[in-house]
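Have a look at the structure below before the remarks.
Since the structure is predicted, the reported quantities are computational estimates derived from the model, not experimental observations. Convention: sequence-line order gives letters A, B, ...; per-chain numbering from 1. These numbers come from the heavy atoms of this one structure, side chains and all, not from hydrogens, waters or symmetry mates.
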Amino acid sequence: MYRAVPAQIDLPAMEHEILSLWQLQSTFERSLEQSKARPSWVFYEGPPTANGTPGTHHVEARAFKDIFPRYRTMKGYHVPRQAGWDCHGLPVELAVEKELGFTGKQDIEAFGVAEFNDRCRESVLRHVGEFTEMTRRMGYWVDMDSAYWTMDSSYVQSVWWSLKQIFDKGLLVQDHRVAPYCPRCGTGLSDHELAQGYETVVDPSVYVRFPITDPAFVAKYPNAALLVWTTTPWTLVSNTAVAVKPSAQYVVAQIADGEVLVVAAELAASLFGEDFVVLGEMPGTELEHIAYERPFDLIEIPDAHYVILADYVTTDDGTGLVHQAPAFGADDLTSCRAYGLPVVNPVRPDGHFNDEVPLVGGVFFKKADEALVALLQKNGKLFKHVQYEHSYPHCWRCHTPLIYYAQPSWYIRTTAIKDSLIAQNEATNWFPNTIKHGRFGDWLENNVDWALSRNRYWGTPLPIWRCENEHLVAVGSLAELSELSGRDVSSSDPHRPFVDDITLPCPTCSATATRVPEVIDCWYDSGAMPFAAVGYPQSAIDFQAQYPADFICEAIDQTRGWFYTLMAIGTLVFEESSYKNVVCLGHILDEDGRKMSKHLGNVLEPIGLMNDHGADAVRWFMLASGSPWQARRVGHAAIGDVVRKTLLTYWNTVAFQSLYGRLANWDPAGTAPAPADRPVIDRWLLSEANRLAIEVDAALDQFDTQRAGRLLATFVDDLSNWYVRRSRRRFWDGDPAALATLHEALRITTLCMAPFTPFITERVWQDLMSNGEAGDSVHLQSWPTPESGLVDDKLAKEMALVRRVVELGRAARASSAVRTRQPLRRALVSASGWGELSPELIEQVCEELNILSTDALDSEEAGLVDISMKANFRALGQRFGKQTPLVANAIAEADAAGIQASLRTTGSAVVDAGELGTVSITADEVIVTESPREGWAVATEAGESIALDLVITDELRRAGLAREVVRAIQEARKNSGFEISDRISIWWTSTDADAQLMWAAHANEIAGEVLATSVSEAAGGAIAVSVPELDLQLAISRN
RNA sequence: GGGCCUAUAGCUCAGCUUGGUUAGAGCGCUUCCCUGAUAAGGAAGAGGUCGAUGGUUCAAGUCCAUCUAGGCCCA
């Protein structure tokens, strides 16, 4: 027996009840417990950074992270789901700095690193609480009790272990890194900080001659010089090389005054005007290793000063030859390093040139430009000097111009495993697939070494100790550190500053070794989660059983973040990527297509959104509205739409089933006619429901929630607006076949929808499907086993035709202005396949359109219909190719009726296709439209027609009046608040002969329709009923 | 500067993989119909040079190329 289901439902309130139910019955824990012995389907949770309040985009990712584990669990897998929190990193530090009103590292040092890190830890704990609440509210089932925290000691030690593996392979090294750096604050800036500080400034833009000294080149082109452009003359002091683009063409040009210069061919005209002569031309590759004389001779730079090749060089502006100062440019450093060129930096960390440098010693780097340009002028190296306005990064705190500055930094040599990374990527399934060889593949192809270290405080300390003799020791755990240092530090906090205080005798030379000062990039932390989350290898857990992941999912910004670090660390440490399938989501935008940001005030707060519309609605929107891969706009209107269109339609169908199931005292476990013995519409619904289970399964298997959602929404619509609409009468009568059919359809729908909308489906399961055992849950069920024998493609096609004809009939009704309540004598239908429909299906059309009978249109006299015919290009094109239009024209011009007759009798017909001669065509090569001529209401679409006979006899008219009376009484019943099972009595009087004839003919029918036990031609009744079309006094009373 | 994505009705989006001659849905608007579950449903109307150009083809919203605009990521 069903529970009573209210017709109207407060979805958010219902969800809160379900949350309590799950908690009370430990449903999630039990779903894990009952699947324990099954094969694993591995999911990794990417840890959100706990440095702010959760946003709507977190709900998006979490909806996807939830649906697939739920789905796979139903499909018979065990899917452990460990939550995780990303705790370290600059975002956390900056938030705390802001809270404390700090402006830089000096403040942190003064405050004390231990205290500062305590504040960071506290900040993380605070924000994790908000994520926990949002996660619970949206029904994301993930085990937060056993969550991994990247700041936990065991986690940090796992990270250390992995870094030691990488160090031992020789892939963790210290090197120089060029980064934006504020010379006043004495600290590097992150990219995020950099973006805030661009200011427009005017700098000198100089074109400088670098005389060529290569003997062979000089022999061919005497006195030739490279022409080099730069906006940072102060870096010319450190000039180490000149880079050219290998694929570009270069010219040796003699200009007006006889001077000979080498520039990119594309730029010669813009540099020299028309007045120059090309002495020679060559690709960039031929310039490689050409030696030149550097502009200044102020500092020592050995083994340098020749042309190198670099792909990043452009020929859009400048000269196509780029001056290289590896200490002051990231690209410069990369390209110079490839040639083994030295990195010489004459600028002190405070931004001033070293005192011993001639001319500019002790001068602030920016201030040196003037003197240097003057010297260039003096020694004849300056070709051209202009002022150049451009935007240049400044420190957002103190507005000092930043310097791109080479700093020592620790790198992981990911370039050494580039080929493996690419191979791993080839074996990975990306959704959408374009990421694989697009954004991500491109990133791998252009792989650079991973700059791992940060000169910061709140992070995993880099576990490398160094002695005064530069010997390095990588430490893989606190136990190892205890052993090396000779004191037990196994329960110490592995963070700064405590770990900094631990020294050890160098295993090589016994000198005291101290830890290097850096912490590591927090992206390494999260990328290490496959093993660090379980404390491998310090813990005894066999993480390999959960490696690699079958599924991970994040938004697209993670291509260079977590998606990369996971794959890189997996490949570095285990020579295998950590995931097989990755779903990459688009971003969430506001209703106007803008990014959500606190600054714009357009942030949708997730818990508020879910309390307004329900978590199911928000989840459905994320999963099924629009394409997950694409940036999507989200707003209240869009989510409200989900509620009305999908969730409430589903709910109303459930309420309907519950209502009539209870009225009939129907028992879902009782017997019902075998499907084959049920009416055609039942067989159709069972076919569609089973097809649904198969197709949703296939879509989810391919991670396609959009398609699965569309299938479900369409089915729910069919269920409510075709099956229930067409079958209502049988439910009123408590027909067990109808109840059993709808029950089964709802059971399958509820199971298929459960991973999408876990709340409403749980409610429905409890009310309609539960076997009554305490703790039963839709989320403990298996995926519905489709009965393929019930899937009937022929019936699906036939029903589709029926529904198309009904649509046409409604259109015809509308155009004739004869309302549907008025029965009509008959309809004529012309449609391919109509003749083969069973009487049962045709009856569906008659009932829906209120028509007594139908006939095939072609059974009428030829004079009644017009026949028109056009080519079916799809069929003709395959046969005639280029000649298709000839045949199509011939068909259009031929006598349609004659061809129709020929096709019908012989199965083929002949048309005269001009130069092709006569051609024989078959029925499937033409589209025939038949339409009746006079006195009919007609609608035609795509070759299918229906014509309604508009002749209304007195009998038909009275039958129509009877339906008016029924409708009026029903409305009165409803308005008076009668229960739908209440019985009534009818009183009526009329002086109208027509009304009396109507009652004589239809009284029983009316009584049956409105559940009247008596119909009296007399005054009486409590509730007057008005029937505008009729001179009739009518009243009813509840018995 | 590079890579990727997107462009279809007033708005939000399907359709494009596999080309077929009247390009669909929802929301909104107008008119009408139906209602014994429904906060629903149905019909008609208005609203489309399917971003532009060129190409392939008998045939292009769909395939190819170029371009334009917007977005994201990276320099």
Side-chain angles (χ1 to χ4, degrees), chain A residues 5 7-9 191 311-317 330-331 432-435 437-443 445-446 555-561 586-587 589 591 593-595 625-627 629-635 637-638 640-645 647-649 651-660 706-707 710 713-714 717 720-722 724-725 728-729 731-732 806-815 817-821 848 850 870-878 880-888 927 939 941-942 966-967 969-971 973-974 978-981 1009-1011:
Chain A
V5 169
Q8 299 189 358
I9 183 169
D191 291 343
D311 280 314
Y312 82 90
V313 175
T314 70
T315 51
D316 299 324
D317 51 14
D331 287 328
N433 192 250
T434 51
I435 307 282
H437 294 121
R439 188 173 287 213
F440 194 77
D442 184 53
W443 167 246
E445 289 292 343
N446 295 303
I556 191 161
D557 52 287
Q558 296 297 330
T559 40
R560 282 143 203 226
H587 282 130
L589 307 171
E591 278 176 307
R594 297 173 305 175
K595 226 173 170 172
S625 283
S627 168
W629 335 126
Q630 237 165 277
R632 286 180 292 167
R633 302 178 181 199
V634 60
D641 220 44
V642 170
V643 173
R644 285 187 305 112
K645 292 297 297 179
L647 298 183
L648 289 182
T649 305
W651 182 259
N652 288 327
T653 309
V654 166
F656 178 88
Q657 171 76 353
S658 165
L659 179 65
Y660 290 103
Q706 184 188 19
R707 180 173 147 70
R710 194 162 59 232
T714 304
D717 193 66
S720 172
N721 293 319
W722 183 249
V724 172
R725 178 189 170 83
R728 276 184 286 214
R729 222 154 264 272
F731 286 87
W732 304 341
V806 163
E807 268 183 43
L808 284 172
R810 286 179 186 140
R813 279 254 179 201
S815 67
V818 178
R819 48 174 52 168
T820 312
R821 277 198 292 273
E848 184 64 19
N850 198 15
K870 63 178 180 176
N872 177 2
F873 278 85
R874 196 185 274 274
L876 280 182
Q878 281 175 9
F880 293 103
K882 220 166 233 190
Q883 269 80 42
T884 306
L886 286 175
V887 183
I927 295 168
E941 171 98 22
V966 167
R967 194 197 62 79
I969 293 175
Q970 300 292 25
E971 195 169 295
R973 284 182 60 118
K974 196 171 177 182
F978 291 7
E979 292 297 320
I980 56 164
S981 52
E1009 286 289 304
V1010 302
L1011 300 184

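- Taking a pair as Watson-Crick or G-U with both hydrogen-bonding distances under 3.5 Å, the stems of three or more pairs touching RNA chain B are B:1-7 with B:68-74, B:10-13 with B:24-27, B:29-33 with B:41-45, B:51-55 with B:63-67.
- Remark: A/Arg728 is in phosphate contact with B/rA37, judged by side-chain N or O atoms under 4.0 Å from OP1 or OP2.
- A/Val724 comes within 4.0 angstrom of a nucleotide base, judged by non-hydrogen atoms across all strands.
- Under the stacking criterion of a centre-to-centre distance below 5.5 angstrom and an interplanar angle below 30°, A/Phe873 is not stacked against the six-membered ring of B/rA59.
- Distance noted for atom C1' between B/rC5 and B/rA44: 39 Å (whole Å).
- Rounded to an integer number of Å, the gap from CZ of A/Phe656 to C1' of B/rU35 is 12 Å.
- Under the 4.5 Å side-chain criterion, counting only non-hydrogen atoms from C-beta, A/Phe656 is in contact with A/Arg728.
- The separation of B/rC13 from B/rG61, taken at their C1' atoms, amounts to 15 Å, rounded to a whole angstrom.
- Comparing atom distances between the A/Trp732 side chain and each of B/rA14, B/rA37, B/rC58 picks out B/rA37 as nearest.
- For the C1' atom pair drawn from B/rC67 and B/rG26, the interatomic distance equals 33 Å after rounding to whole Å.
- Taken from OG1 in A/Thr653 to CG in A/Asp717, the straight-line distance is 9.5 Å, to the nearest 0.5 Å.
- Look at the P atom in both B/rG41 and B/rG51: the space between them is 30 Å, to the nearest Å.
- Spacing of P atoms, B/rC29 relative to B/rU66, comes out at 45 Å, to the nearest Å.
- A/Val887 and A/Leu876 make their closest contact through CG1-CD2, 4.0 Å (heavy atoms, listed as atom of the first residue, atom of the second, distance).
- As judged by a 4.0 angstrom heavy-atom cut-off over every strand, A/Ser720 is placed among the base-contacting residues.
- Summary of the strand contacts: A/Ala655 and A/Leu876 both lie near RNA chain B, and taking for each the nucleotide with the nearest heavy atom, the more 5' one is attributed to A/Leu876.
- A/Leu1011 comes within 4.0 angstrom of a base, heavy atoms only.
- The main-chain N or O of A/Leu648 is found under 3.5 Å from a side-chain atom of A/Asn652 such that the two form a donor-acceptor pair.
- In this structure, CG of A/Leu886 is placed 14 Å from C1' of B/rA59, rounded to the nearest angstrom.
- As a whole-Å value, the separation of A/Gln706 CD from B/rG26 C1' is 14 Å.
- A donor-acceptor pair under 3.5 Å is absent between the side-chain atoms of A/Ser658 and the main chain of A/Val654, judged by distance alone.
- Here, B/rG47 and B/rU6 have their P atoms 30 Å apart, quoted to the whole Å.
- With rounding to whole Å, A/Phe440 atom CZ is found 14 Å from B/rC4 atom C1'.
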Please evaluate residues A/Asp331 and A/Val313 with respect to the criterion side-chain contact (heavy atoms from CB on, under 4.5 Å), reporting the C-alpha separation (whole Å), side-chain torsions for both, the decisive distance (0.1 Å), and the verdict. CA-CA 9 Å; A/Asp331 287 328; A/Val313 175; over 6 Å; no

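- Remark: the separation of the P atoms in B/rG48 and B/rA52 is 14 Å, to the nearest Å.
- Rounded to an integer number of Å, the gap from CZ of A/Phe731 to C1' of B/rU38 is 14 Å.
- Separating the CH2 atom of A/Trp651 from the P atom of B/rA37 is a distance of 17 Å, rounded to the nearest angstrom.
- Here the side chains of A/Val5 and A/Trp651 are in contact, with some heavy-atom distance below 4.5 Å.
- For A/Asp717 and A/Tyr660, each mapped to the nucleotide of RNA chain B holding its nearest heavy atom, the one lying further toward the 5' end belongs to A/Tyr660.
- Rounded to an integer number of Å, the gap from CD1 of A/Ile9 to C1' of B/rA37 is 14 Å.
- If you take atom C1' in B/rC58 and the same atom in B/rC63, they sit 16 Å apart, rounded to whole Å.
- Contact between A/Tyr660 and A/Phe731 at its shortest, heavy atoms only, is CD2-O, 3.6 Å.
- Within 4.0 Å (heavy atoms only), A/Arg710 reaches sugar-phosphate atoms of the nucleic acid but no base atom.
- As a whole-Å value, the separation of A/Arg729 CZ from B/rA37 P is 11 Å.
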